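Bear in mind that the values here come from a model prediction, so they are computed numbers and not experimental data.
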Amino acid sequence: MSNGTDPEAAPSSEERDAAAPKGTGSPTEQPHGRAPYTGVGHYQTHQHLHHHIMSTSVEEVDEQEGAGPTQAVKTNHLAAQTYKNLHEFSEEMLETEKAGLVERVYDLERQVLEHKDEIVCLKSTLADVLRRLATIDNAYEHSTSGSGRGGTGTVAGGGGGLGASHSTAATTAGQGGIGDSVAAGSGQNSLSSKSFRFSRNTLTRLNSSVEEKRFGRVPSRVTSSPSRIKTTLAQKAIHYSNGSLHSDSLSSHSISPAPSPSPKQPNASTNAHHALLASSGMGKRWSSTGDFISTPGSPSGTGSTGSMSRFSAKSLLNLSGHSSRQGNSHPYVQRKNDDDEYVKLYISGRPIVIHIPEAQLPTYDLTKVQPAPNRRLRLDWAYGYRGKDCRSNLYQLPTGEMVYFVAAVVILYNMDEHTQRHYLGHTDDVKSLAVHPNKLLVASGQCGGTEGRESLPHILIWNSVSLATLNQIGCGEFTGAINCLSFSRADSGNILAAIDDSPDKIISIWDWQKKEGGRKITETKCSVDTVVAVEFHPLDKGQIITIGKNHIAFWSLDQHGMLYKRMGVFESFEKPKYVTAISFTQTGDVVTGDSSGNLAVWKRGTNVISRFLKKVHEGPVFTICALRNGGFVTGGKDGLLLLFDDALHMKADQIVEEHFGAVRVVAQGKGSQLLIGTTKNCILSGDFTLSLVPIVMGHTDILWSLSTHPQVAQFVTGGKDRLLQLWDSLSHSVVWSKDIGEPIHSVQIANGGEVVVVGGGTGRWSVFDIVTRELLATYTDGQDVIQCMQFSPDGNLLALGSKDNCIYIYQCTKVPHRFSKIGKCTGHSSFISHLDWSKDSQVLRSNSGDYELLYWNPTLCRQITSQSTVKNLEWATQNCSVCFETIGIWPENFDGTDINSVCKDGEEQFLVSADDFGKIRLFSFPASQPKSLSHSYRGHSSHVTAVQFMHDGVRLLSAGGLDTSVLQWRVV
């Protein structure tokens, strides 16, 4: 023995086994394969295994020491290799466990989001049920409460209130937060909506209890704090109006918000305000209102009394303005007492002599105030959609309504019930929209107007169930229109991001629930180029992504309110001119589309591309919609809709017909249904198995002309987009649409309703069949635009007013599309703007661009200069804005071009004017007093180019120039 040790003294393997600690096992019993992971025991097992291997290796070396150095080296190498393998195995096990943990975290996040969606859906469904129960309950109360309103839309004043049930409801509501704020005051001036207050309070408690259970605290919500409600809801008046969307009855009611909140006036009286609110309640369906009653804190509400409650806030404002003037006559009107009495009306400094009819002489007095009518207008339907230049403006709510906007109206449309509700809190064009993660609250941003502080760019936060305004954000803080909005998603929507259209494209972050006007957390310059969208990351708190021209930026908002920016790095991938669309995978990766038709996937938490799909679309990708099943739908300028699975493998495609336009936005509706907004202002519905069906259509450029059918509930419109469209006002749909190949400046339906006459831009006018839309005949008069046209009441004559200062007179024949020219009337010094026929069809009167009022003998094409012949005539229509019947529609600060259109109803009760400020004004007919009060309504955001009553005299239509919308109003 080389080492001097007796080999027999060495213990045998059996002895070693016997001496080994109990439970360790022998080398042959302990496998060297993978053992299950069992925490501490698992670690101890590996420690003992390592010790056993090392001791065994030493024994083998001792036993074979005499075999020579080569064998020892091999044995040591084997031991080292075994140790290395064991170490690698441990590392692999840790990596596997880590990957498993990450997967489980993702699964938990996904489950949390699914549970959130389920809770939101349940809350929204409950809110909708409560809303319907409230309207049914109130309809019953309203039908049994007496004749307080009388079904006319007038205000119940004095002691003739709404009945005992309404007073009791107001008294009860006065004990709670919301009821106390909205319905404070006497019982007769209270809200007639006990059930609705129950719905609001129930929904608030539901929101609070759910949040408390989930987070162990009551959330800081605007709607859940009684102390905030008492101080703020006075400025968030809820307005009611009546009228059903489908019937001609006046039995149903609706609710809509007040205009944007205004600063409080310390001495403002609320009597008139509550009297106005008491005038109506709720009913079978929700609709909207155009009666913009001012809030108690607004200047127009100051000093109002119960006796003046029959006027709207705008009327009170008009009355206040007129009564404060010095002297006994209107500053623009002078009355002369001669043999022939007349009024001299000054428009833009130019005097227009208007002779007073003999029947008016005994009672006519310039100092007299003509009251506003005792009936009002309510917005019944809004036609159109703004998809041409706006993105992310179409959403599906859990209650079954889709929300979108046109002009200054945000529309909530229920496709199954074919009903609309309208949020009318904005004062100018709505440019952006965002839905809160709870699916109940909505944020909408507008551009700036010209009428003081309330028309500055701002954001309104409102409730999609009650249509009540919760907060006004950033009034006076933005320098441009609010183009992009997004609620945070990882923290339940506590903050709001906005980007305005200023030169620096400022991104601002708001705590929208803090105080009146919200609290600006921070703001910074976003980009010198166009910003297309802003989105909060759905899983990572404080992470924001903006996209636009030449950039995608990843922003981080820290706990101190600081924004940090990382630009997206395209590396070797093609850098596009625009990043045009954005969405998120269920694991938090960012998916973007660009102007070259590519899709890019940005790994969560990074600013680099992990996957790139080239030329998915031919042209820009305008939208990426993340589906509930993890898939995606993309839409682009090429008119294609593409369906992808969660791994971005294309599964199906669908084509949008060219005349509907390119795909602007896609939203997921009910089930597999998709809602598609297009660049030609249409909204389509369908999926990848069925064809797409238009559910909303509209014009795409300036809307100039409007004409109603003399016998049925239809009307035609035309504008710069060359589209001639026939609409049905009962089904609220387009009957047919035709591109006539040139801009349309005027339209008129013949008295018999068989044909439509269309005036073009080069002196040409055409005749189309109203049923087949076939072109029947074409005529030409002069080389200028045909500005207006009007058939005589007996249907024998047609007058056409041209921009060449002439009026062309045609004789109608027995063939509806055949006309025989009589001649032309010359004498105006400017273009012809309006035409009216006398009721006997013997005299024509006209206005021109320089505010002239002239009279004509149409059969001789000669001017009538004798005022005694024409001043006592009765007129079949009221299109002329400068005449005796319209003296009172001209405020002192109006330019002659500010009023674009006027009309009267068939029973001659109302006169309506449309102006350059987007307003519709309702006067009593005739508005011949300089001090004529009116009700004023918003909805349009551009100059209103035309207004006209339907044949029934109950519905009124208005066309909105640049906003391309048609609004249908109802007299209530």
Side-chain angles (χ1 to χ4, degrees), residues 386-394 431-434 445 480-486 497-507 524-537 544-555 565-584 589-602 606-626 632-642 644 648 656 661-667 676-681:
R386 186 164 183 169
K388 182 180 179 180
D389 58 353
C390 292
R391 302 167 184 266
S392 301
N393 60 354
L394 177 62
K431 295 295 294 291
S432 55
L433 202 63
I482 316 299
N483 284 346
C484 309
L485 285 174
S486 179
I499 297 180
D500 66 5
D501 196 25
S502 61
D504 289 334
K505 306 298 185 291
I506 301 297
I507 178 172
T524 188
K525 179 178 177 181
C526 183
S527 173
V528 295
D529 295 315
T530 302
V531 179
V532 171
V534 58
E535 291 288 346
F536 275 91
H537 197 284
I544 307 169
I545 298 96
T546 60
I547 60 173
K549 185 176 181 180
N550 295 321
H551 85 280
I552 174 172
F554 298 84
W555 303 78
K565 177 180 179 182
R566 291 182 301 160
M567 297 300 295
V569 179
F570 287 88
E571 296 178 325
S572 60
F573 299 105
E574 175 189 355
K575 184 175 181 180
K577 185 174 181 180
Y578 282 88
V579 180
T580 51
I582 183 171
S583 189
F584 300 90
D589 293 343
V590 180
V591 183
T592 60
D594 61 40
S595 55
S596 300
N598 307 317
L599 293 181
V601 180
W602 307 74
T606 71
N607 62 336
V608 294
I609 295 174
S610 62
R611 189 176 174 193
F612 196 76
L613 285 72
K614 295 191 66 175
K615 300 298 180 183
V616 174
H617 284 271
E618 292 294 330
V621 180
F622 283 153
T623 182
I624 303 173
C625 174
F632 296 91
V633 175
T634 65
K637 190 176 181 180
D638 55 5
L640 275 178
L641 290 170
L642 301 179
F644 294 85
L648 285 179
V656 176
V663 179
R664 174 64 75 190
V665 61
V666 176
I676 300 100
T678 74
T679 57
K680 289 190 176 179
N681 295 344

- Message: I'd like to know if the side chain of D638 reaches the main chain of L640, judged simply by a donor and an acceptor atom lying under 3.5 Å from each other, with no hydrogens or angles considered.
- Response: yes
- Query: Rounded to the nearest 0.5 Å, what separation is found between the OG1 atom of T592 and the CD1 atom of I624?
  - Reply: 6.5 Å
- Query: Between V534 and C484, what is the shortest heavy-atom contact and its length?
  - Reply: CG1-CB, 3.6 Å
- Task: Give, for atom CD1 of I552 and atom OG of S527, the distance between the pair rounded to the nearest 0.5 Å.
- Result: 12.5 Å
- Item | Min side-chain heavy-atom separation N598-E574 under 4.5 Å | yes
- Under the 3.5 angstrom rule, does the side chain of K575 hit a backbone N or O of V569 as a donor-acceptor pair? no
- Message: Measuring from atom CD of E535 to atom NE2 of H537, what distance do you get when rounded to the nearest 0.5 angstrom?
- Response: 11.0 Å
- Item | Audit row: L641, I676, side chain to side chain contact (heavy atoms under 4.5 Å, CB included) steps and yes/no | CA-CA 9 Å; L641 290 170; I676 300 100; 3.9 Å; yes
- Task: Kindly indicate, with the supporting measurements, whether the criterion side chain to side chain contact (heavy atoms under 4.5 Å, CB included) is fulfilled by V616 and F644.
- Result: CA-CA 11 Å; V616 174; F644 294 85; 3.5 Å; yes
- Test side chain to side chain contact (heavy atoms under 4.5 Å, CB included), reference D500, set N483, I482, I507, output is I482
- To the nearest 0.5 Å, tell me how far T634 OG1 sits from L613 CG. 10.0 Å
- Item | Test item: F632 and L648 side chains (from C-beta on) under 4.5 Å apart, heavy atoms | yes
- Query: What residues form a ring-ring contact (aromatic ring centres under 6.0 Å, His included) with W602, not counting sequence neighbours?
  - Reply: F554, F570
- Task: Check the pair T623, R391 against side chain to side chain contact (heavy atoms under 4.5 Å, CB included), reporting the backbone distance first and the verdict last.
- Result: CA-CA 8 Å; T623 182; R391 302 167 184 266; over 6 Å; no
- Item | Point-to-point distance, once rounded to the nearest 0.5 Å, from CD1 of I609 to CG of D589 | 12.5 Å
- Any donor-acceptor pair under 3.5 Å linking the side chain of T580 with the backbone of G593? yes
- Task: Assess whether atom NZ of K505 is packed by more than 12 heavy atoms of other residues, nucleotides or ligands within 6.0 Å.
- Result: yes
- Message: I'd like to know if the side chain of T679 reaches the main chain of A662, judged simply by a donor and an acceptor atom lying under 3.5 Å from each other, with no hydrogens or angles considered.
- Response: yes
- Taking C-beta and beyond as the side chain, do P576 and S595 meet within less than 4.5 Å on heavy atoms? yes
- Item | Sub-4.5 Å side-chain heavy-atom contact between N393 and K431 | no
- Message: Treating N607 as the side-chain partner and M567 as the backbone partner, does any N or O pair qualify as donor plus acceptor under 3.5 Å?
- Response: yes
- How long is the span from the CH2 atom in W555 to the CZ atom in F536, to the nearest 0.5 Å? 12.0 Å
- Should L485 and L433 count as side-chain neighbours, where that means a heavy-atom distance under 4.5 Å? no
- Flag side-chain contact, heavy atom, 4.5 Å: V601 against V590: no
- Do H617 and L642 come within less than 4.5 Å of each other through their side chains, counting heavy atoms only? yes
- Sequence neighbours excluded, the answer for salt bridge (Lys or Arg N to Asp or Glu O under 4.0 Å) partners of R664 is none
- Message: Quick one, K577 and K549 - any side-chain contact, counting heavy atoms below 4.5 Å?
- Response: yes
- Message: So which atom in V531 and which in C526 form the shortest heavy-atom distance, rounded to 0.1 Å?
- Response: CG2-SG, 3.8 Å
